[in-house]
Every structure is written in C-alpha cells, then in structure tokens.
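Following: one structure in structure tokens, then a few remarks.
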Amino acid sequence: MFWFMQGLCALPAFLVVWSSCTFIISYLIALYRRDVDIIFPYISDTGANPPESCIFGLMTFISACAGIATIYARYKFVEKLCEETRLVSPCLNKAALVLGMISCLGMCIVATFQETTVWQAHDAGALLFFVSGVLYTILQSRISYLAYPFGSSLTWCRTRVFIATIATLAFFPTVICAFFVTQTTLHRDKEDADYPYHLASAVCEWIVAFSFICFFLTYIDDFKLFTLRVHTEYHE
C-alpha cells in the first residue's frame, strides 16, 4: 500500500500541495505579467488583477474547503483520543476546531474580495485568517503534548511548537508594519519612505502563510492512523 493510501493522510497532503501551488502559481503569473515586483510582494498583491485574481480566488477557496475537511478530521481524531485516554479536554479540542473554521472563513473572504476592489472586507478576512490560524497552531501544539504518547511522536510535538512559535513571532511584524505602509500600489520603489515597512510586513506574511502549510504537513503521520466513516440512520 502506498503511503498516501494509509488512513486519511492524503487529506493534509493535498492541502499542503494545493495551498503551496496557490501562492506560487499566482505569484508566477503576476510576475510574468509584470503586475507585481519580484521582491516579496504581499500575497494578496499576486492575486489582485485578472487573470491571476481568478486563479487565486478559485484555488484559495479550494484550499479553504480542504482546510475545513482536514481540521474537522483532526478534531474527530482528537475526540476519539479523548474518549479512550481522557488526556485532552474536549473544550480545548472544540476551541481548536472553532478557531480553525474561523481561519478557513477568513480564507474564503480573502478569496472573494480582492484588495483592489473591496479592501476593507479583504483586510478583515486576512486578519481573521492570520489571527485564528496562529491561535489554532498554538492550541494544536498544546493538544499534541497533552495527548503524547498517543497520536503523535515527541518529534512532531516539538516540530509543531517550533512552527507555531515562528508563525506567532512573524504575525506581529506583519500587522504592525502594515500600519506604517501608506501606499497601496502594486509596484513599489525602494526609495519610498514606507518601503522598509512594506518589505518587513510582506516577508513576515509569507513566513506566516507557509508556517501554516508546514504545520499541516506534520498531520500526515497522524492521519495514517485513522479513517472517518459516515453512519446513516433511517427513521420512519
């Protein structure tokens, strides 16, 4: 049996690959069309103009759907561990589920509202995505340690803590520096007074985004251990 056929590990694997392609493909298309600068544009800048905006929106929405499925599967896995070991609080598990779903909602908002058309909704969705996503990684890191040695190895627990730490540390410069960026053009000049803030914010945004992707990459081994089945009951 191939590794991706074990349990549900194909789910996080698809999420990781698809999300990575979402960011990279839209960036390459925007770069080819010279819609953005080559040096660290904002992720949303790469999907601001058509046709890359259409591709970015569609692929981001699919990533959000895959994220919802992965987050729910993780929730059910931890719920099963709670029933058998009682090492993880059900409230903590549900809190992580809610935060993960809110983060995916933020992704859908980002995919639907481009920053060049409805920037208020776009920025609100991005903030929702990043805040909820960072909190989700923190809670899941805590859950991994509480559930150890069930579910995850100590190496993966430490890896999740490391990734969550990187995402948290990069989140603050992303938001704080963005407040000092006054220009909203897609092309930037290094001589602009706010260019250092733009660069710092954009670099940290990419770090946070790929931290989330790497975090879901750590789920692959866990998802080999279980499957989900739909139980249907018919009542006359």
Side-chain angles (χ1 to χ4, degrees), residues 8 11-12 14-16 18-20 22-23 26 42-44 47 56-82 88-115 117-147 160-161 163-176 178-179 201 204-219 222-223 228:
L8 289 176
L11 196 55
F14 171 78
L15 175 60
V16 168
W18 187 268
S19 298
S20 300
T22 299
F23 299 141
S26 59
Y42 281 117
I43 295 174
S44 298
F56 178 80
L58 176 61
M59 294 187 72
T60 301
F61 178 76
I62 294 175
S63 292
C65 293
I68 290 172
T70 304
I71 289 166
Y72 180 75
R74 170 69 180 177
Y75 163 76
K76 296 300 291 184
F77 175 57
V78 175
E79 184 182 55
K80 189 65 176 178
L81 290 179
C82 292
V88 180
S89 168
C91 293
L92 185 63
N93 190 31
K94 289 179 181 178
L97 173 67
V98 172
L99 287 171
M101 295 300 176
I102 293 175
S103 182
C104 292
L105 174 62
M107 286 184 66
C108 292
I109 295 174
V110 168
T112 305
F113 301 97
Q114 278 77 38
E115 65 174 356
T117 53
V118 191
W119 65 267
Q120 297 92 337
H122 180 90
D123 289 352
L127 189 62
L128 198 65
F129 166 65
F130 283 122
V131 172
S132 301
V134 168
L135 292 175
Y136 175 79
T137 61
I138 293 173
L139 288 189
Q140 284 296 342
S141 298
R142 176 61 178 163
I143 288 173
S144 299
Y145 265 105
L146 290 175
R160 286 170 189 163
V161 171
I163 295 172
T165 302
I166 294 296
T168 303
L169 294 177
F171 166 75
F172 291 103
T174 300
V175 177
I176 294 172
F179 280 107
S201 179
C204 289
E205 182 189 49
W206 282 91
I207 292 174
V208 174
F210 275 93
S211 293
F212 292 163
I213 292 174
C214 292
F215 194 87
F216 284 110
L217 186 65
T218 68
Y219 280 0
D222 291 10
F223 277 48
L228 292 180

On a heavy-atom basis, which atom in [X] and which in [Y] lie closest, and how many Å separate them?
X: I43; Y: W206; answer: CG1-CE2, 3.6 Å
X: L15; Y: S63; answer: CD1-O, 3.4 Å
X: L8; Y: A73; answer: CD1-CB, 4.3 Å
X: G67; Y: C104; answer: C-SG, 3.8 Å
X: I207; Y: A170; answer: CG2-CB, 3.7 Å
X: V16; Y: S20; answer: O-OG, 2.8 Å

Would you give the length of the straight line joining atom [atom1] of [X] to atom [atom2] of [Y], rounded to the nearest 0.5 angstrom?
X: L97; Y: I68; atom1: CG; atom2: CD1; value: 10.0 Å
X: F77; Y: D222; atom1: CZ; atom2: CG; value: 5.0 Å
X: C108; Y: L128; atom1: SG; atom2: CG; value: 10.5 Å
X: T174; Y: L169; atom1: OG1; atom2: CG; value: 11.0 Å
X: R74; Y: L11; atom1: CZ; atom2: CG; value: 13.0 Å
X: M59; Y: F23; atom1: CE; atom2: CZ; value: 10.0 Å

When you measure from the side chain of [X] to the backbone N and O of [Y], does any donor-acceptor pair fall under 3.5 Å?
X: S141; Y: R160; result: yes
X: T137; Y: A164; result: no
X: S103; Y: F129; result: yes
X: T60; Y: G57; result: no

Side chain to side chain contact (heavy atoms under 4.5 Å, CB included) for I143 and L81? Distances and angles first, verdict last. CA-CA 11 Å; I143 288 173; L81 290 179; over 6 Å; no
[Y] and [X], any side-chain heavy atoms less than 4.5 Å apart:
X: I166; Y: F210; answer: no
X: I213; Y: L217; answer: no
X: L139; Y: L99; answer: yes
X: Y42; Y: S201; answer: yes
X: H122; Y: V110; answer: yes
X: F61; Y: T112; answer: no
X: V175; Y: L127; answer: yes
X: M101; Y: Y136; answer: no

Just do the side chain to side chain contact (heavy atoms under 4.5 Å, CB included) check on F14 and T70 with the steps written out, would you? CA-CA 10 Å; F14 171 78; T70 304; over 6 Å; no
Would F216 and Y219 count as a ring-ring contact (aromatic ring centres under 6.0 Å, His included) here? Give the steps. CA-CA 5 Å; F216 284 110; Y219 280 0; 5.5 Å; yes
Side chain to side chain contact (heavy atoms under 4.5 Å, CB included) assessment of V78 paired with C82: CA-CA 6 Å; V78 175; C82 292; 4.1 Å; yes
Counting heavy atoms not belonging to Y72, are there more than 12 under 6.0 Å from its OH? no
Mutual orientation of the aromatic rings belonging to F212 and F130 [parallel < 30°, tilted 30-60°, perpendicular > 60°]: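 Correct class here is tilted.
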